[in-house]
Amino acid sequence: MDPLTSSDQALRASEQRRLRLQVLGLNSVEAEATFDRVARLAASFTRSPLAMVNFINDERQMFRGMYIPTSSPGERVGPDSPAIPFDLSELSREAPGDYGFCPHVVAQGSQLALDDVFDYPRFKGNPLVNDLGVRSYLGTPLRDNTGMILGTVCVADFEPRQWDRRIREAMQELSETLLADFKLRDSLLAQQQELFAVFDGAPFPIMLTEGPNHLLRYANGKQGQAFGMVPQFSPGRLALPHLDAVGVFNAMDDAFHSGRAATLSRAHLGTYDYPQPQEFDFLCTPVRTSPGAPISGVLTVAMNVTGQAFAGPEQQAFAANVQERFERLGAGAFPGQRP
């Protein structure tokens, strides 16, 4: 049976992988220095012109780590490298879920070595061959610290070549170096859960969103009471249109893209827990999933300032403490390093 057959078991595994990627903050295409470095190492010791750290969910592939030739088409990338048949300077960091050979690696759960794609009728017509001229490929399953396959670490060449045992074992070892990163992410997530326990009893609405589309990752009880409960990982703008209407998500956009805290003052809006419209100050702080990682989301605290000339000192102190404690998560694993 073809490993890509859409069986119930395969669909369940794909859904579980997507959820795991969301939890780890990896369900997006943003480049990350750690993964780019691993891709560059893979290209270097295999002497391959293409290398990727590829995460795969149930809809698409996300190349958060990538190495591609920097030379122009027709130039050589090394003393023993073939000419580059295509301009790869604008190569996207994402692809459809069934594109290329990596989905086969994930489906079969083992390394896939293709010395010459043309020797395999099943793979010869793959779009990766037609689009990029790939003739050989080596993909290794990328497992997290729980044993789940999240994607691949892979290399490819424009000419047929033999992937010997030494190279295959080295690729396996390289993929295992990322276990420390996944463990760190889980450790930071555990610390987040401890903060969430504190946030649950907070007197202010608090929510944590993920990615540029502000998928709702967490909301405390006060957030639900005031602005409505929505399912986890729902797109924030669609799920909370009344907050979008007063500009909250614009402030969150600013925080996410600038990497600096943003504020929205005196937002006038109705709430579910009070009969009259209220005034809120919103404080939006960018957060990271791990040290050195790109901005992964935004922590938003809403302070009710109805009838006040300015936010009360207790409210200000609480909000500042919440943000400071959350920001420290990004640096906690490496003393002295700030996110």
Side-chain angles (χ1 to χ4, degrees), residues 17-57 59-70 88-97 99-103 105-106 111-112 128 132 134 137-156 167 170-189 210-212 256 259 286-297 329-331 333-334 337 339:
R17 187 167 57 254
R18 180 183 63 81
L19 292 174
R20 177 64 173 158
L21 289 172
Q22 285 183 322
V23 167
L24 291 174
L26 295 171
N27 197 46
S28 61
V29 299
E30 284 79 19
E32 196 160 327
T34 296
F35 303 129
D36 275 343
R37 183 166 58 251
V38 168
R40 187 168 61 250
L41 286 171
S44 177
F45 76 73
T46 64
R47 299 185 65 79
S48 302
L50 290 174
M52 297 177 180
V53 178
N54 181 10
F55 296 95
I56 303 177
N57 63 20
E59 296 179 346
R60 61 178 175 166
Q61 302 177 63
M62 300 159 288
F63 310 126
R64 292 179 69 96
M66 178 185 289
Y67 174 85
I68 59 174
T70 56
L88 303 179
S89 60
E90 298 299 323
L91 190 63
S92 174
R93 282 188 177 261
E94 64 179 315
Y99 185 89
F101 308 121
C102 290
V105 177
V106 171
Q111 200 170 58
L112 176 63
L128 189 63
L132 298 183
V134 166
Y137 168 90
L138 175 61
T140 301
L142 178 57
R143 299 178 186 272
D144 70 1
N145 49 302
T146 71
M148 180 178 290
I149 297 176
L150 302 180
T152 70
V153 178
C154 66
V155 292
I167 290 179
M171 284 289 287
Q172 180 64 46
E173 292 173 0
L174 183 62
S175 71
E176 292 172 358
T177 65
L178 288 172
L179 286 173
D181 182 86
F182 299 136
K183 289 180 181 177
L184 175 59
R185 289 171 186 267
D186 273 336
S187 175
L188 294 175
L189 288 169
E210 173 186 301
F256 185 86
V287 297
R288 292 173 169 83
T289 305
S290 63
I295 301 299
S296 61
L329 289 180
F334 298 96
Q337 180 177 347

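Judged by distance alone, with hydrogens and angles left aside, the side-chain atoms of Arg64 form no donor-acceptor pair with the main-chain N or O of Glu32 at under 3.5 Å. Listed for the Ser296 side chain is a donor-acceptor partner under 3.5 Å among the backbone atoms of Val287. Gln61 contributes no side-chain N or O that, together with a main-chain N or O of Asn54, makes up a donor-acceptor pair within less than 3.5 Å.
For Thr46, the side-chain contact (heavy atoms from CB on, under 4.5 Å) test picks out Ser48, Val155, Trp163, Ile167, Met171, with sequence neighbours left out. Applying the salt bridge (charged side-chain N to carboxylate O under 4.0 Å, His left out) criterion to Arg93, with sequence neighbours excluded, gives Asp36. The side-chain contact (heavy atoms from CB on, under 4.5 Å) test applied to Ala180 returns no partner, not counting sequence neighbours. Judged as a ring-ring contact (aromatic ring centres under 6.0 Å, His included), and not counting sequence neighbours, the contacts of Tyr137 are Phe101. Here Asn57 pairs with Arg18, Leu21, Asn27, Glu59, Arg60, Met62 under the side-chain contact (heavy atoms from CB on, under 4.5 Å) rule; sequence neighbours left out. Scanning for ring-ring contact (aromatic ring centres under 6.0 Å, His included) contacts around Phe35 gives Phe55, with sequence neighbours left out.
Contact annotation: the side chain of Cys102 approaches that of Ile56 to within less than 4.5 Å [non-hydrogen atoms, C-beta and beyond]. Residues Leu178 and Val53 meet the side-chain proximity criterion, which asks for heavy atoms closer than 4.5 Å. Leu142 is not listed as a side-chain neighbour of Val105, based on a closest heavy-atom distance of 4.5 Å or more.
Gly297 and Phe256 make their closest contact through N-CE1, 3.9 Å (heavy atoms, listed as atom of the first residue, atom of the second, distance). Among all heavy-atom pairs drawn from Pro141 and Ser175, the shortest one is O-OG, 3.8 Å. Across Gly97 and Pro103, no two heavy atoms sit closer than the pair O-CG, 3.1 Å. The shortest non-hydrogen separation linking Tyr67 to Ala43 is CD2-CB, 3.3 Å. Shortest non-hydrogen contact noted between Gly100 and Leu128 is CA-CB, 4.0 Å. Pairing each heavy atom of Leu174 with each of Phe45, the nearest pair is CD2-CE2, 3.7 Å.
Here the straight-line distance linking atom CG of Asn145 with atom NZ of Lys183 works out to 6.5 Å at 0.5 Å rounding. With rounding to the nearest 0.5 angstrom, the CD atom of Gln172 is 10.5 Å from the OG1 atom of Thr177. The CG atom of Leu179 lies 9.5 Å from the OG1 atom of Thr146; values are rounded to the nearest 0.5 Å. A distance of 11.0 Å separates CG in Leu19 from CG in Leu24, rounded to the nearest 0.5 Å.
By the 4.0 Å N-to-carboxylate-O rule, Asp144 lies too far from Arg17 to be salt-bridged with it.
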